[in-house]
Amino acid sequence: PPLDEILNLHDFESIAKQVLTDKAWAYYSSAADDEITNRENHAAYHRIWFRPRILRDVTKVDWSTKILGHKSSMPVYVSATALGKLGHPDGEMNLTRAAAKHGVIQMIPTLASCSFDEIVDAAQPGQVQFFQLYVNKDRAVTKKLVQHAESRGVKGLFITVDAPQLGRREKDMRMKFEAEDPSVVAKSGSEGVDRSQGAARAISSFIDTALKWDDLPWFKSITKMPLILKGVQCWEDALEAYDVGVAGVVLSNHGGRQLDFARSGIEILVEVVAKLKEKRGLSFPNEKFQLFVDGGVRRATDVLKAIALGATAVGVGRPFLYSFCAYGQEGVEKAFQILHDEFEMNLRLLGARTLKDVVPEMVDASNVSSH
Ligand code: FMN
């Protein structure tokens, strides 16, 4: 269908399913085991309801914000998703170019199908990009990647901590990853691997299973970029992250692709905010220690719930990936435009002029336990 018939982010998913090869659809859409967490990620938002305010002048509303100190047109960033060329020949560069037009920040994945430099080169001067790091067993490789990212102007290092091994994604495993298709496969560290168990397994064997808290000072010593841990899943680890002095955490279960029955990011957010207040007197959103959430975000209302509960911003994975499968860069631009329009409307209906007005009292999260 023509792009102007696309009304929401869900629409991109059904179109992607139609246009993608079986293999690409399996890799993008799959999640761990019985995919219960993947389903719960979105469903969890259905348990949170709004308490809108009335009779406030909402003629002008503004949903722009700052993420790690950088301007963002909305409280949403493009989360890292590997193997963009399975969906479109321009792969991740579709995201880069659309993000430039819309003032959105892109997180570049370690396992992109475009090279890191291609993605950075596709950016406009001044465009902000982050880098998602899978830590290689070979720390010299890791150090080189990180320092190269910093030298190319990347503004934040998101270390993925929920993937000491990749989850069991059975849809993907059924599609044996035979492709010696060099245009698609990620460049880093994927040589000589077992391709019989799906794309995910094939590309991930270099990941360091021994990564631990004690390694974080080393990361701080090799880069000045702010460090963010991606994949924190309980308040105890969020507290430890705060205490070791990282700039933030992403409360995430990796789009349901890792441990099945991991809780949704929004559920984790509620307990993290409560416990960090209790233990360290922190209030959120907090510039010094930023909380991000991802998984299952499909509507601006989902985002606004996370903002109300203390998140600085929210990551979106599959919908942006799906948006370029059929339409390339224009599809991603349309996805941003849809969110933009949803923010405008929903802020007005909430009685909030800016994100600062989106306070905890604007949601009823009593159906989400705080542990
Ligand atoms: N997260 C990473 O940290 N590194 C990756 O390489 C990575 N690749 C992904 C590939 C695909 C196809 C998908 C769907 C997710 C991937 N993720 C990866 C997880 C996303 O960054 C994000 O946590 C997740 O997609 C959010 O859930 P959503 O897809 O429901 O928005």
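This chain uses plain numbering: 1 for the first residue, then up along the sequence. When a ligand or atom number is given, it counts from 1 through the structure's own listing order.
Under the 4.0 angstrom criterion for non-hydrogen atoms, Asn38 is not in contact with ligand 1. Residue contact check for ligand 1: Asn41 places no non-hydrogen atom closer than 4.0 Å to it.
With respect to atom 14 (C) of ligand 1, the closest heavy atom belonging to the protein is Arg318 CG, 3.3 Å. Nearest protein heavy-atom contact of atom 8 (N) of ligand 1 is Ala82 N, 3.1 Å. His254 CD2, 3.6 Å is the protein heavy atom nearest to atom 19 (C) of ligand 1. Nearest protein neighbour of atom 23 (O) of ligand 1, counting heavy atoms only, is Asp294 OD2, 2.8 Å. Closest to atom 27 (O) of ligand 1 among all protein heavy atoms lies Gly295 CA, 3.3 Å.
In this structure a side-chain-to-backbone donor-acceptor pair under 3.5 Å is present from Asn253 to Arg263. Side chain of Thr223 to backbone of Phe219: no donor-acceptor contact under 3.5 angstrom is found. Between the Asn8 side chain and the His10 main chain, a donor and an acceptor come within less than 3.5 Å of each other. Here the side chain of Gln106 pairs no donor or acceptor atom with the backbone of Leu95 at under 3.5 angstrom.
When non-hydrogen atoms are compared, ligand 1 lies under 4.0 Å from the side chain of Arg298 (C-beta onward) but not from its backbone. Contacts between Phe158 and ligand 1, counted as non-hydrogen atom pairs separated by less than 4.0 Å, are absent for every part of the residue. With a 4.0 Å cut-off on non-hydrogen atoms, Ser252 touches ligand 1 through its side chain and not its backbone. At a 4.0 Å heavy-atom cut-off, ligand 1 touches Thr160 through the side chain alone.
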Check the pair Thr96 / Gln127 against side-chain contact (heavy atoms from CB on, under 4.5 Å), numbers first and verdict last. CA-CA 9 Å; Thr96 313; Gln127 181 177 346; 3.8 Å; yes
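With atom 15 (C) of ligand 1 as the reference point, the heavy atom nearest to it among Glu13, Lys230, Arg257 is part of Arg257. Looking at Tyr134, Tyr27, Tyr322 and measuring to atom 4 (N) of ligand 1, the nearest heavy atom belongs to Tyr134. In this structure, of Gly317, Ala80, Ala26, the residue bringing a heavy atom nearest to atom 17 (N) of ligand 1 is Ala80.
Below 30°, between 30° and 60°, or above 60°: for Tyr77 and Phe158 the angle between ring planes is between 30° and 60°, a tilted geometry. Using cut-offs of 30° and 60° for the angle between ring planes, the Trp63 and Phe343 rings count as parallel. Taking the six-membered ring where tryptophan is involved, the planes of His46 and His42 are perpendicular, since the angle between them exceeds 60° and thus also 30°.
Interface atoms of ligand 1 facing Ser79, defined by a heavy-atom separation under 4.0 Å, are 20 (C), 21 (O), 22 (C). Applying the 4.0 Å criterion to heavy atoms of Tyr28 picks out, from ligand 1, the atoms 12 (C), 14 (C). Counting atoms of ligand 1 from 1 in the listed order, those under 4.0 Å from a heavy atom of Leu321 are 12 (C).
Among Leu291, Ile268, Asp237, the single residue meeting the side-chain contact (heavy atoms from CB on, under 4.5 Å) criterion with Val249 is Leu291.
Donor-acceptor pairing under 3.5 Å is lacking for the side chains of Asp294 and His254. A donor atom on one side chain and an acceptor atom on the other are found under 3.5 Å apart for Asp57 and Thr59.
The distance criterion of under 3.5 Å between nitrogen or oxygen atoms is met by Gly296 with respect to ligand 1.
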